[in-house]
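Following: one structure in structure tokens, then a few remarks.
Along the sequence shown, the residues carry numbers beginning at 1.
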Amino acid sequence: MAYAIDLAAVRAAHERIRPLIHRTAIVTSHTVNVRTGLQVFFKPENMQKTGAFKIRGALNALLRLQETDPRSAGVVTHSSGNHGTALACGARLMGMSCTVVTPENAPAVKIAAMRDYGADVVLCEATPTARLETCDRLSKERNLSILPSYDHADVMAGQGTIAVEILEQVPDLDAILVPISGGGLSSGILMAAKSIKPSLRVFIVEPEGKLLQECLQSGERIWPNPPIMMNTIADGMRLQQAGHLPWPIIRDMAEKSTIALTDAEIVAGMRFVFERMKMVVEPSGASTVAAVLSEHFRTLATEHGLKRVAVVISGGNVDIDNLPW
């Protein structure tokens, strides 16, 4: 089957964005290793430029847009925060305008960051349909190119560069844990990781209620329509449905068992990272830490004989005046 991206696209993206991003280090935690009985390697994209992995996909998409449409008047997207911030940062670097359609319940700290990077933030109703319709309207009114946060090949390829770096830094891995919202990150990592090392297992971490495991096990998009935003503390993971471009890669390459987390488990993971790993993370970023510490993953690791596991910490843009404890 032809997918939206391949390993060549991810490697090209890595060469394109390499001078503009941080190559985030691999960090470890003795406490995590003891608790899990595994060797765990964290990829802290909360230490990435703009505080999240999203800068990778945003920059790749912007640079590709400059190549294919150098006369573009600017870009518009819809985002709950991190993609909008990343796109605004990249657009400013390239001298382009950036408009971000943001749900009205987005965290204030993320709205402020987008504006700090020069974005024109347009608030809308907190539904996937309202986001898409507002973005489309502004694109037509202002003659702007739409760069979605996940359903776009160049964005997916940019996010996949994380897997390229992980496998350069820790080649002998058994598995990677990655969080999901629309699926740009997970599909990019899946394509790169499984192409480089086919035996590697990629487990997706989802908020309870996303229904991804049910979709994976049936091989079908069984999500109800119209698309909804879930009520989860992980504001970066509220979208229930995976995008149409990421979905075939996720369906065919991800492990069929996901790690689904409650808000309480995500908060506990977040607190662990603050207290024991001394890093600032947002709930979405902490979800994979909560997952690797969970009894469910312990069972999966035993079942599959896993010993060495990488964990992607996706971001750290959290309102420190409103921590959930």
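By the 4.5 Å heavy-atom criterion applied to side chains, V289 and F42 are counted as neighbours. In this structure the side chain of I180 never reaches within 4.5 angstrom of the side chain of L185, judged on heavy atoms. In this structure, E208 and L261 have side chains that are not in contact, with every pair of non-hydrogen atoms separated by 4.5 Å or more. Side-chain contact between M229 and P103 is absent, with no heavy-atom pair separated by less than 4.5 Å. Taking the side chain as every heavy atom from C-beta outward, T232 and D263 approach each other to under 4.5 Å. Contact of the I26 side chain with the K43 side chain is registered, since non-hydrogen atoms from C-beta on lie closer than 4.5 Å. Contact of the R56 side chain with the E165 side chain is registered, since non-hydrogen atoms from C-beta on lie closer than 4.5 Å. Residues L216 and I250 are in side-chain contact: their nearest non-hydrogen atoms beyond the backbone lie under 4.5 Å apart.
Exactly one residue among L147, L87, V76 makes a side chain to side chain contact (heavy atoms under 4.5 Å, CB included) with C98. That residue is L87.
Residues V75 and A91 approach most closely at CG2-CB, 4.5 Å, considering heavy atoms. Closest heavy-atom contact between E265 and A290: O-CB, 3.3 Å. When all heavy atoms of A193 and L200 are compared, the pair lying nearest together is CB-CD2, 3.6 Å. Residue T77 comes nearest to G84 through the heavy atom pair CG2-CA, 4.4 Å, listed as atom of the first residue, atom of the second, then distance. The two atoms that bring M279 and P44 nearest to each other are SD-CB, 4.0 Å, heavy atoms only. Minimum interatomic distance between Q241 and P224 (heavy atoms only, all atoms of both residues): NE2-O, 3.1 Å.
Under the 30°/60° scheme for interplanar angles, the aromatic rings of H78 and Y150 are found to stand perpendicular.
Within a 6.0 Å sphere centred on CG of N231, other residues, nucleotides and ligands contribute 12 heavy atoms or fewer. Within a 6.0 Å radius of CD in E141, more than 12 heavy atoms belonging to other residues, nucleotides or ligands are found. Crowding of K307 atom NZ: a count of heavy atoms from other residues, nucleotides or ligands under 6.0 Å not exceeding 12.
Atom CG in D116 sits 10.5 Å away from atom CE in M114 (nearest 0.5 Å). Here T31 contributes atom OG1 and R276 contributes atom CZ; the two are 4.0 Å apart, rounded to the nearest 0.5 Å.
Without hydrogens or angle criteria, S218 side chain to C215 main chain gives a donor-acceptor distance under 3.5 Å. In this structure, N33 contributes its side chain and V40 its backbone to a donor-acceptor pair below 3.5 Å. Looking at E104, its side chain never comes within 3.5 Å of a backbone N or O of L123 through a donor-acceptor pair. Using a distance-only test at 3.5 Å, with no hydrogens or angles considered, a donor-acceptor pair links the side chain of N46 to the main chain of V280. Side chain of W247 to backbone of S187: no donor-acceptor contact under 3.5 angstrom is found.
Remark: the E45 side chain and the T24 side chain contain an N/O donor-acceptor pair separated by less than 3.5 Å. No donor-acceptor contact under 3.5 angstrom links the side chains of K110 and T85, judged on distance only. Counting only N and O atoms by type, the side chains of D235 and S284 include no donor and acceptor under 3.5 Å apart.
Screening residues 175-185 for side-chain hydrogen bond (donor to acceptor under 3.5 Å, both in side chains) gives no qualifying pairs among residues at least two apart or on separate chains.
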